[in-house]
Amino acid sequence: IKTFCAKVLGAPPTTISIPERFIKPVAKIGAPVIPKTKVGIRQQRIDILAIGVSTGGPNALAELMPVFPKDFPIPIVIVQHMPPFFTKLLADRLASKSSIKIHEGIAGAKLSPGEAWVAPGNYHMVLEGNSNAVTIQTNQDSPENSCRPAVDVLFRTVAKIYGARALAVILTGMGQDGLIGCEHICNAGGSVLVQDEKTSVVWGMPGFVAKAGLAEKILPLNEIGGEILRRVRESQTSTLQK
């Protein structure tokens, strides 16, 4: 077990630590698999960005989140597999490095453009309402994929409320949490991007989604932010022109 703040977030050392699986690189297993990309990509207005991430996630998010400008026109919801307390620490640390506001998820909070919410440790985070007024709710239902919070739980509600107007991103992580959630988003007409194997600490979560043919693009971490910005900008511009 390593010191989490000093090792992962760059904060001053602390006596609080978390399991190695949240921060330690894991050897890639098995022969290389050529991932498939989703065909029939359609241009849709994007009204929410949903991100799922696990092992290696704090560093990946620290690179991605500062890309978004203060006037980013849609809300962001994030599941990072992490125990209680550390999700609040992560949100605060990311907020200190980013232009947008970043918070730990709070039951009853209303989603707003230019704000990001990180699911609290030991709670599932879900969305309720309609696309005009969406709020965060939390619960302690049974873990899914041995995780609470779980990406699948959040993504199902994102798909239900936003449908084709959802953009999902799966970053580095162990296991396959997010696969079923991405299926829901794709079935609703939404879009999915995943991080590539080379830049992932563990190509588990993004790898499962890619191999299932659910990803429209498989990108290195340093290109994902630009792709999100381009898609959001173009989707909103095309809507205004109609």
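The CG atom of Leu167 lies 11.0 Å from the CG atom of Asp47; values are rounded to the nearest 0.5 Å. The distance from atom CG of Asp71 to atom OG of Ser99, rounded to the nearest 0.5 Å, is 9.0 Å. Separating the CD atom in Glu223 from the CG atom in Leu193 is a distance of 11.5 Å, to the nearest 0.5 Å. Atom NZ of Lys101 and atom CH2 of Trp117 lie 9.5 Å apart (nearest 0.5 Å). Taken to the nearest 0.5 Å, the CG atom of Asn222 stands 6.0 Å off from the CD atom of Glu63. Distance check, rounded to the nearest 0.5 Å: CD1 of Ile102 to CG of Leu61 gives 8.5 Å.
Side-chain contact between Glu144 and Asp177 is absent, with no heavy-atom pair separated by less than 4.5 Å. Put simply, the side chain of Ile106 does not reach to within 4.5 Å of the side chain of Ile136, judged on heavy atoms. Considering only heavy atoms from C-beta on, His81 comes within 4.5 Å of Val151 through its side chain. Two residues are said to be in side-chain contact when any heavy atoms from C-beta on lie closer than 4.5 Å; Ile46 and Ile228 fail this criterion. The shortest distance between side-chain heavy atoms of Leu214 and Glu183 falls below 4.5 Å. Counting heavy atoms from C-beta outward, Lys88 and Asp92 have side chains that approach closer than 4.5 Å. Taking the side chain as every heavy atom from C-beta outward, Phe72 and Leu229 approach each other to under 4.5 Å. For the pair Glu115/His103, a side-chain contact is recorded, criterion being any heavy-atom separation below 4.5 Å from C-beta on.
Here the closest non-hydrogen pair linking Gly121 and Pro149 is CA-CD, 4.1 Å. Across all their heavy atoms, Val134 and Asn130 have their closest contact at CG2-O, 2.7 Å. Across Ala210 and Ala215, no two heavy atoms sit closer than the pair CA-CB, 4.5 Å. Smallest separation of non-hydrogen atoms from Pro69 and Ile100: O-CG2, 3.1 Å. Counting all heavy atoms, side chain and backbone alike, Leu49 lies closest to Phe68 at CD2-CZ, 3.7 Å. Among all heavy-atom pairs drawn from Ala212 and Leu179, the shortest one is CB-CD1, 3.9 Å.
For the side chain to side chain donor-acceptor pair (under 3.5 Å) test, residues two or more places apart in sequence or in another chain that qualify with Asp152 are Asn145. Residues satisfying the ring pair (Phe, Tyr, Trp, His ring centres under 6.0 Å) test with Tyr123, not counting sequence neighbours, are none.
Val126 forms part of a hydrophobic cluster together with Val153, judged by ILVMFWY side-chain heavy-atom separations under 4.5 Å.
Leu89 and Met65 fall within the same hydrophobic cluster, defined by Ile, Leu, Val, Met, Phe, Trp and Tyr side-chain heavy atoms under 4.5 Å apart, directly or through other members. Placement of Phe155 and Ile180 in two distinct hydrophobic clusters is found when ILVMFWY residues are connected by side-chain heavy-atom separations under 4.5 Å, directly or transitively.
Between the side chain of Arg148 and the backbone N or O of Asn122, at least one donor-acceptor pair lies under 3.5 Å. Put simply, the side chain of Thr157 gets close to the backbone of Leu154: a donor and an acceptor are under 3.5 Å apart. Within the 3.5 Å criterion, the main-chain N or O of Leu221 finds a donor-acceptor partner in the side chain of Thr199. For His124 (side chain) and Gln137 (main-chain N/O), no donor-acceptor pair under 3.5 Å exists by modelled atom type. With hydrogens and angles disregarded, no donor-acceptor distance shorter than 3.5 Å links the side chain of Glu197 to the backbone of Trp203.
Looking only at atom types and distance, the side chain of Gln195 has no donor-acceptor partner in the side chain of Thr172 under 3.5 Å away.
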Going through the checks in order, is the side-chain contact (heavy atoms from CB on, under 4.5 Å) test met by Glu227 and Glu216?
-> CA-CA 11 Å; Glu227 178 69 15; Glu216 290 186 359; over 6 Å; no
